[in-house]
Amino acid sequence: MKAPVRNAKLYIDGKWVSDKESMPVIDKFTGETFANVPVASRETTERAIRAAHEAFPAWSRTPAHKRYKILSNVSRLLEERQEEIATIICREAGKAWKYSMGEVSRSIETYRFSAEEAKRIHGETVPMDASAAGEGRVGYWLRVPLGVVSAITPFNFPLNLVAHKVGPALAVGNTIVLKPASTTPLTAITLAEILEKAGAPAGVFNVVVGSGGTVGEWLTIDPRISKISFTGSPPVGEQIIRKAGLKKVTMELGNNSGTIIEPDADLSAAVPRCVMSSFANSGQVCISLQRLYVHKAIAKEFTKRFVEETKKLKVGNPLEKDCDVGPMIEEKDAIRAEAWVKEAVREGAKVLIGGKREGRVMQPTVLVNVRPEMKVMCQEAFAPLVSIYEYGTFEDAVRMVEDSPYGLQAGIYTNDLKKAMYAVDRINVGGVMINDTSIFRVDHMPYGGNKMSGLGREGVRFACEEMTSIKMVMIKP
Ligand code: NAP
């Protein structure tokens, strides 16, 4: 029997609210509507901002041990509902079951790290007498919360990328209004149930759903917002920065990640890891492996094994426990990915496997004979596409990885420390992964990009720093 369509509500000021309009939440594999969510009007969005603004004074003075307790509760409650939430992610984001379960596991940890950080955030003393004018004075600085944070988030990690904003914001004493991606609102609404049960006071955490052009913009321009924490595409990030005015911003944006495979790489480890890095979540990961630079001495062998490994992937229904690659978020994205492959082929590339789509499901695709100026190489694909490029010298490979308008993460397989350090020094990215691909991330490490990949850093401690300001105190006894 088909489950009834769920009618979800928004969560504002500790209450569950509807609005005049609503929109469907689509199962990305079957195409059926499995829930409806209200679309926040301007008045409803205004109510959420007001609630967060009014809740801030009390929340910012709530002792750290109480903030710790609430965030620990969130972590525990997520653990209790792991399978239910993974199913929601699977259906609304089209993410394969094992990766949906993995996302919930990571979020459990992200909230745990946030709880711990609530007890750790602190300032320092300043040796005032280092200046003659400071003699006889005592100085110290504090980290203080900013106020209301607006969190605008993408579809591809609807729980954990939200966790990277909600956890740190609440840990340091900010309140928050969250606008999830319109394609994946249900995970965020389920998180609100968890925050309510975890004991977050009314107004501290609010969720509004609606398009980027309306709700997203209202959450960008409102003067009561002190900080915008955005994860999404570079063009939207730029629009937000233009409209934000004098607000702190963190921008976690896109990438066309590269990884280098040197001849001394252990191929039995590198090949399966590179395949997973290219196709997990249908390549819709900001650090998904898109450009593979393989030394000519091993290119033939690597490519053969890479294609064999890709053939083993199970593509289709993300709810099946052994699925590797589910649908893309919208059919138009699969159409675009297929068109990019066709364009590359017209320009001389060769498809070794994949290249086709059925509805939203794009086959994992491996290209060779590519050139740096092809879209599949120089723009962010955000699709299950990877290009293999044969190189002659390590210096060339490093130069090509660096030759990108983006700068999020890169990977290098080598056991030669000198080469590894050469690459670390030359590639302008937020993170270099040695003996792994660009996709490696754990949730407490600093994470974020340079160039078009963004501004600021997340990773719990670093997000806490970005979500606070410094207050200097001087005492003249
Ligand atoms: P997106 O289209 O930029 O959307 C992200 C969020 O911004 C959504 O909530 C969207 O709302 C909202 N938005 C759209 N237009 C807006 C506007 N004018 N003002 C305010 N908000 C607006 O990105 P996406 O397609 O969801 O995600 C893919 C992108 O995110 C890729 O580029 C990927 O690399 C990047 N990403 C980066 C990271 C990272 O950590 N660096 C992580 C994950 C993803 P609607 O849904 O209503 O359009």
Side-chain angles (χ1 to χ4, degrees), residues 23 25-26 37 39-40 45 92-95 103 106 110 150-165 177-188 207-222 225 228-244 247 249-257 280-290 328-330 332-333 336-337 379-383 404-409 429-431 438-439 441 443 445-459 462-463 466:
M23 64 180 192
V25 185
I26 311 281
V37 292
V39 176
T45 308
E92 74 172 355
K95 182 177 287 186
E103 179 171 355
R106 281 181 62 184
T110 305
S150 92
I152 303 178
T153 52
F155 72 84
N156 62 333
F157 283 85
L159 190 67
N160 198 37
L161 291 182
V162 167
H164 272 286
K165 303 185 186 314
V177 182
L178 166 67
K179 189 209 95 61
S182 298
T183 44
T184 55
L186 212 53
T187 310
V207 186
V208 283
V209 174
S211 78
T214 55
V215 177
E217 176 158 335
W218 302 329
L219 289 179
T220 300
I221 58 179
D222 193 288
I225 304 280
I228 300 170
S229 181
F230 173 76
T231 302
S233 59
V236 173
E238 265 191 72
Q239 276 185 45
I240 290 176
I241 285 186
R242 276 201 210 99
K243 290 183 181 161
K247 296 184 176 79
V249 291
T250 298
M251 292 278 147
E252 294 282 348
L253 310 177
N255 201 40
N256 62 343
S257 311
N281 201 22
S282 293
Q284 300 167 122
V285 180
C286 46
I287 39 181
S288 184
L289 176 50
Q290 183 179 334
M328 294 187 68
I329 193 71
E330 298 204 73
K332 67 176 169 50
D333 296 298
R336 176 188 54 81
Q379 294 187 25
E380 181 183 32
F382 220 58
S404 165
Y406 301 102
L408 191 48
Q409 292 205 150
V429 286
S438 54
I439 210 166
R441 179 182 188 188
D443 293 290
M445 73 185 217
Y447 178 82
N450 301 341
K451 301 193 274 184
M452 261 172 67
S453 293
L455 295 171
R457 292 291 180 267
E458 287 192 339
F462 306 91
E466 302 250 341

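All values below come from the heavy atoms of this structure, side chains included, with hydrogens, waters and symmetry mates left out. The model shown is predicted, which means the values in this text are computed figures rather than measured ones. As the structure lists them, so they are numbered: ligands from 1, and atoms in each ligand from 1.
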Nitrogen or oxygen contacts under 3.5 Å, ligand 1 side and protein side:
unit_1	atom_1	unit_2	atom_2	d
ligand 1	3 (O)	S233	N	2.8
ligand 1	3 (O)	S233	OG	2.6
ligand 1	9 (O)	T153	O	2.8
ligand 1	9 (O)	K179	NZ	3.1
ligand 1	11 (O)	K179	NZ	2.9
ligand 1	18 (N)	Q239	OE1	3.1
ligand 1	19 (N)	G212	O	3.3
ligand 1	26 (O)	F155	N	3.4
ligand 1	30 (O)	G232	O	3.3
ligand 1	32 (O)	E380	OE1	2.7
ligand 1	34 (O)	E380	OE2	2.5
ligand 1	40 (O)	E252	OE1	3.4
ligand 1	41 (N)	L253	N	3.3
ligand 1	41 (N)	L253	O	2.7
ligand 1	46 (O)	S182	N	2.8
ligand 1	47 (O)	K179	NZ	3.3
ligand 1	47 (O)	S182	OG	2.5
ligand 1	47 (O)	G212	N	2.9

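Contacts of F157 classified as ring pair (Phe, Tyr, Trp, His ring centres under 6.0 Å), with partners at least two apart in sequence or in another chain: none. Residues satisfying the side chain to side chain donor-acceptor pair (under 3.5 Å) test with S150, not counting sequence neighbours, are none. Contacts of R336 classified as salt bridge (charged side-chain N to carboxylate O under 4.0 Å, His left out), with partners at least two apart in sequence or in another chain: none.
For the pair R441 and Y447, the cation-pi criterion (under 6.0 Å, within 45° of the ring axis) is fulfilled.
Of the possible donor and acceptor atoms, one in the side chain of E466 sits under 3.5 Å from a partner among the backbone N and O of R457.
Side chains of N281 and N156: no donor on one and acceptor on the other come within 3.5 Å.
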